[in-house]
Participant: 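Handing you this structure, nothing more for now.
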Amino acid sequence: MTNANSSWASERVRPEQINKYLDANGDDFIPDGSIERQLTDKNIISAANDKVRVRDIVAKSLAIQTLTPEETSVLLNVSDQELWAEMETAAGTIKKNVYDNRIVTFAPLYLSTVCINNCQYCGLRASNDSISRGVLTLDEVRGEIEVLAGQIGHKRLVVVYGEHPKSGIDYMEKTIETIYNTKVSIKNHAEFETSIRRVNVNAAPMTVEELIRLKDVGLGTYQVFQETYHKETYRALHPASTPKGHYHWRLYCMHRAIEAGIDDVGIGALFGLYDWKFEVMGLLYHAIELENRFGIGPHTISFPRLEPAENTPLATESKYAVSDDEFRKAITVIRLSVPYPGMILTARENAELRKSLIHLGITQTDASSNIGLGAYNKAKGADFQESTRQQFILGDMRSLDDVVREFAQMGYITSFCTAGYRCGRTGECIMDSLRTGAEGKFCKLNAVITFREWLDDFATPETKAIGEKIIAAEIEELKVKVPKVFDTFTDYYSRTAGGERDLYF
Ligand code: SAM
Ligand code: SF4
């Protein structure tokens, strides 16, 4: 590391923004020892074999209540296949009750691939000389938006930054502003313009002051994954000499985000670094801590699974690699233990597996994803990966059109709605409507309007034909479910079909 980079790195972690959250003994909210004990406790294991007990716990999830750690350990220890099948059905029912049959799509956009950290599993780690790196210029960012918004039809992005002085808060502000301000012409209707309407951020933990600046440029959800909640493993994978080596700086970044006024926060764990059951418990403890302290749980939970990366042996040799079956169980228990947040399944997973996991409660997925720097413009949205230019290798390179069509065939409506965030339905306010199911019904109106918009602007004829069937069925349902606003809906819908854009409730 150069002297300038190392002095920047040494100032990243601010102990005063962590210590106030620790308890009197300096402990945090992840009790490693008791999680390990709970997962192997004899009483828990016998409860996991008791169908009545397991069904009682599932009934609590179905009532959209967060489970306790003990209840979650019971579910994680279930061995009966019939009970697992019931738990999967319940996970899907919860999703339907909270979010209805809507699914949201987004694209990841890597803005920088420089990084001062040395996470052992990541292709972008500083010590990996096999990767060619860079930082997009603002013109290059506009070029990416032309493809993402203008050709593919994305309305939401998650922008990703490595931790580096070249892509610090000043760069983040400029790039996010550039993304929102870039208006591009639309593929099927060159006479209309569109833009990205929601920018989520996945970046290193930041200070409260930096997070306030991110909020001010209109960031959507702030996502930071703890990677592993297991402290010993965390220490082994993240050198102490780097900012990421500080477990507590990362663990409390959502506390700082909420302090900064950002109330949509996304937590996650990278599955495959340590025991998957421990990570599910870690996510639960994190959600409980945020709920208890701030009255706001996580807006989303992510569960990326370790993928191969250039010159990165750990990514393929981890002894904690998670099988497809274990992954499926992890997703099911996450949905049951924290029933209200969005759940994100990414294109790290292959198309077939993604299809088989969607019904377990997934609410968001990426599509047309390209994670090389500047890759969207270079590839113009086509299937394109270059392992020496990206963090890891994706499993599903299908286009957004393909993914939307598959969802429509499965009975899901892809929602391009970003209204909730733009009219303040976030944080604590949205928590109540999620728990009562009100959000699902309300958002359906916007889902139908934005789906109409997307079908006209971007869909291939084949996808459009299948999409029309979904729209027709949804309109019939809305007539019955929301009679009071149905006339206004019909007005917005026909104006959208006639070419007006961005109408929402
Ligand atoms: N540099 C920021 C950070 O570490 O928080 C930005 C996020 S990083 C670019 C996005 C996420 O990718 C990481 O938090 C990690 O969970 C995940 N990731 C890293 N290496 C991976 C790999 N080999 N396979 C799958 N996911 C990986
Ligand atoms: Fe850097 Fe993030 Fe990769 Fe770690 S996971 S090396 S912080 S880009």
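Basis for what follows: all heavy atoms, side chains included, without hydrogens, waters or symmetry-related copies. Order of appearance sets the numbers: ligands from 1, and atoms from 1 within every ligand.
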Participant: I'd like to know if the side chain of Asp27 reaches the main chain of Asp23, judged simply by a donor and an acceptor atom lying under 3.5 Å from each other, with no hydrogens or angles considered.
Facilitator: no
Participant: Is a donor on one side and an acceptor on the other found under 3.5 Å between the side chain of Tyr274 and the backbone of Tyr320?
Facilitator: no
Participant: Which atoms of ligand 1 have any heavy atom of Asn202 under 4.0 Å away?
Facilitator: 6 (C), 7 (C), 10 (C)
Participant: Could you list which atoms of ligand 1 come closer than 4.0 Å to a heavy atom of Tyr161?
Facilitator: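 Numbered from 1, ligand 1 contributes 1 (N), 2 (C), 6 (C).
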Participant: Give a yes or no answer on whether the side chain of Thr363 reaches the backbone of Met343 with a donor-acceptor pair at less than 3.5 Å.
Facilitator: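 At least one qualifying donor-acceptor pair exists.
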Participant: Which atoms of ligand 1 have any heavy atom of Arg348 under 4.0 Å away?
Facilitator: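 Here the atoms of ligand 1 in question are 11 (C), 12 (O), 17 (C), 25 (C), 26 (N).
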Participant: Going by the order shown, which atoms of ligand 1 are within less than 4.0 Å of some heavy atom of Cys122?
Facilitator: 20 (N)
Participant: For Tyr234, does its backbone N or O pair with a side-chain atom of His238 as donor and acceptor, under 3.5 Å?
Facilitator: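 Yes, the answer is positive, given that a donor and an acceptor are paired below the 3.5 Å cut-off.
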Participant: Give a yes or no on whether a salt bridge exists between Arg305 and Asp324, defined as a side-chain N under 4.0 angstrom from a carboxylate O.
Facilitator: yes
Participant: Do the numbers put Arg102 on top of the ring of Tyr412, so that NZ or CZ is under 6.0 Å from the six-membered ring centre and no more than 45° off the axis?
Facilitator: no
Participant: Which of these, Arg305, Arg250, Gln390, Arg125, has its nearest heavy atom closest to atom 3 (C) of ligand 1?
Facilitator: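 Going through Arg305, Arg250, Gln390, Arg125 one by one, Arg250 has the nearest heavy atom to atom 3 (C) of ligand 1.
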Participant: Using a plain distance cutoff, I'd like to know if Glu163 has any nitrogen or oxygen under 3.5 Å from a nitrogen or oxygen of ligand 1.
Facilitator: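 Min N/O separation from ligand 1 is not below 3.5 Å for Glu163.
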Participant: Strictly distance-based, threshold 3.5 Å: is any side-chain N or O of Glu71 a donor or acceptor partner for the main-chain N or O of Thr68?
Facilitator: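 Answer holds: yes.
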Participant: Less than 6.0 angstrom from the centroid, inside 45 degrees of the normal: does Arg256 satisfy that with respect to the ring of Trp249?
Facilitator: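 Yes; both conditions hold, so Arg256 lies above the ring face of Trp249.
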Participant: Using a strict 4.0 Å cut-off to heavy atoms of Gln391, name the atoms of ligand 2 that fall inside it.
Facilitator: 3 (Fe), 5 (S)
Participant: Report yes if the side chains of Leu109 and Leu148 come closer than 4.5 Å at any heavy-atom pair, otherwise no.
Facilitator: yes
Participant: Answer yes or no: is there an ion pair linking Asp170 with Lys174, defined by an N-O contact shorter than 4.0 Å?
Facilitator: no
Participant: For ligand 1, which atoms sit closer than 4.0 Å to a heavy atom of Phe392?
Facilitator: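 So the atoms of ligand 1 that pass are 21 (C), 22 (C), 23 (N), 24 (N), 25 (C), 26 (N), 27 (C).
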Participant: Which is closest to atom 8 (S) of ligand 1 in terms of heavy atoms, Gln391, Lys244, Gln223, Glu227?
Facilitator: Gln391
Participant: Please classify the Val160 to ligand 1 contact at 4.0 Å (heavy-atom distances, strictly less than): side chain, backbone, both or neither.
Facilitator: side chain
Participant: Of the backbone atoms (N, CA, C, O) and the side-chain heavy atoms from C-beta on, which set of Cys119 has a member under 4.0 Å from an atom of ligand 1: side chain, backbone, both, or neither?
Facilitator: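 No part of Cys119 comes within reach of ligand 1.
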Participant: Short N/O distance, under 3.5 Å, between Tyr121 and ligand 1?
Facilitator: yes
Participant: If you look at every heavy atom in Ala447 and Cys417, which pair is closest and at what distance?
Facilitator: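 It is N-CB, 4.5 Å.
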Participant: Identify, by atom number and element, the atoms of ligand 1 in contact range of Ala203, meaning under 4.0 Å from any of its heavy atoms.
Facilitator: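 Atoms satisfying the 4.0 Å criterion: 2 (C), 5 (O), 6 (C).
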Participant: Can you report which non-hydrogen protein atom sits closest to atom 24 (N) of ligand 1, along with the distance?
Facilitator: Glu307 N, 2.9 Å
Participant: Closer than 4.0 angstrom, basic N to acidic O: yes or no for Arg348 and Asp396?
Facilitator: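 Judged by the 4.0 Å cut-off on N to carboxylate O distance, Arg348 and Asp396 do not form a salt bridge.
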Participant: Quick one: give me the number of protein N/O/S atoms under 2.8 Å from atom 4 (Fe) of ligand 2.
Facilitator: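 Number of qualifying protein atoms: 1.
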Participant: Side-chain contact, heavy-atom cut-off 4.5 Å: Tyr252 with Gln17?
Facilitator: no
